[in-house]
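Right, one structure below, let's go through it.
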Amino acid sequence: MRTLIHGHQTSFTDEGKGQAILFVHGFPLNRGCWSSQVDGFKHRNRVIAPDLRGFGASEPRLGPASMDLFASDLFALCQHLKTGPVILVGHSMGGYVALAFAKAFPLFLRGLVLVGTRAGADPPEVAEGRIAAAKKVQAEGIASVVEAMAPKMLASSTTNPGLEGTIRELMGSSSAEGVASALLGMAERADRRADLADIRVPTLVLAGAEDSTVPPSESTALAEGIPGAELVILPKAGHLVAMEQSIAFNAALGSWLDASCGFS
Ligand code: MLT
């Protein structure tokens, strides 16, 4: 499906009925990474998965795409779709966006699921590297980013090495403008660690035990910082845990929805 949000065409999946779960992808991916979750939860919930601006089939914008801007796009999409408060599942960069959403729109949140992500800002050298990478993408296209990221998405012991080809295809559909804008937005993102204690909704923090992109220690710190948060570390999984271990991921998410959110 497709609609105009803040002046740009936004593509999204919207299936099922009931309490809405909003799945937000990481960088430089798109909603295709949630296909196992859409299939796994649409029978019990309304599942919405957008392509963030500049990714997948959603139009890009020029300049930094801040995490706050992505969050306000999501809020506008939820209003357009009349979802009511959502359970927000954010992976990696999608987790940065989820934390921005939790800060800006706390009353529009029924639950929070943070996957392979962190609350801190970029150290200066990482931010500088992203700005340099954004310039390279603007000049040469996204190949260097795909080459750097795709091999790091799965566990080194993965039982599904063929998945890397699918991941490369998903990454390859991102626009250069979108990738550059998100790199600049991540480089300037806020440190949300002090906000974690204010999160008042049931929260699940989930990570792959072999995540080499965002180490599981970041998830432990998130879970320690958010009141009442549950932590699940899944074995034999890397950064893209929802794709790599989709059955275990869906089981963990489903159990948490039943136990902590008390509704389907
Ligand atoms: C992601 O998977 O979204 C990225 O690895 C996040 C990041 O680069 O910080």
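Every number for a ligand or one of its atoms is a count from 1 in the order of the listing.
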Exactly one of L183, L29, V24, L52 clears side chain to side chain contact (heavy atoms under 4.5 Å, CB included) with M93, and that residue is L52
- Item | Verdict with supporting geometry, D68 and R192, salt bridge (Lys or Arg N to Asp or Glu O under 4.0 Å) | CA-CA 12 Å; D68 292 335; R192 300 275 177 208; 2.9 Å; yes
To the nearest 0.5 Å, atom CD1 of I167 lies from atom CE of M153 at 7.0 Å
Could you pull out every N or O of ligand 1 that sits under 3.5 Å from a protein N or O, with the distance for each pair?
{"unit_1": "ligand 1", "atom_1": "2 (O)", "unit_2": "F27", "atom_2": "O", "d": "3.4"}
{"unit_1": "ligand 1", "atom_1": "2 (O)", "unit_2": "S92", "atom_2": "OG", "d": "2.9"}
{"unit_1": "ligand 1", "atom_1": "2 (O)", "unit_2": "H239", "atom_2": "NE2", "d": "2.7"}
{"unit_1": "ligand 1", "atom_1": "3 (O)", "unit_2": "F27", "atom_2": "N", "d": "2.7"}
{"unit_1": "ligand 1", "atom_1": "3 (O)", "unit_2": "S92", "atom_2": "OG", "d": "3.1"}
{"unit_1": "ligand 1", "atom_1": "3 (O)", "unit_2": "M93", "atom_2": "N", "d": "2.8"}
{"unit_1": "ligand 1", "atom_1": "8 (O)", "unit_2": "R130", "atom_2": "NH1", "d": "2.9"}
{"unit_1": "ligand 1", "atom_1": "9 (O)", "unit_2": "Y96", "atom_2": "OH", "d": "2.5"}
{"unit_1": "ligand 1", "atom_1": "9 (O)", "unit_2": "R130", "atom_2": "NH2", "d": "2.8"}

Side chain to side chain contact (heavy atoms under 4.5 Å, CB included) with H91: of H239, M243, H25, only one passes, and it is H239
Distance alone, cut at 3.5 Å: any donor-acceptor contact between the side chains of R2 and S11? yes
- Let me see the working for D73 and T10 under side-chain hydrogen bond (donor to acceptor under 3.5 Å, both in side chains), right down to the final yes or no. CA-CA 9 Å; D73 285 347; T10 297; over 6 Å; no
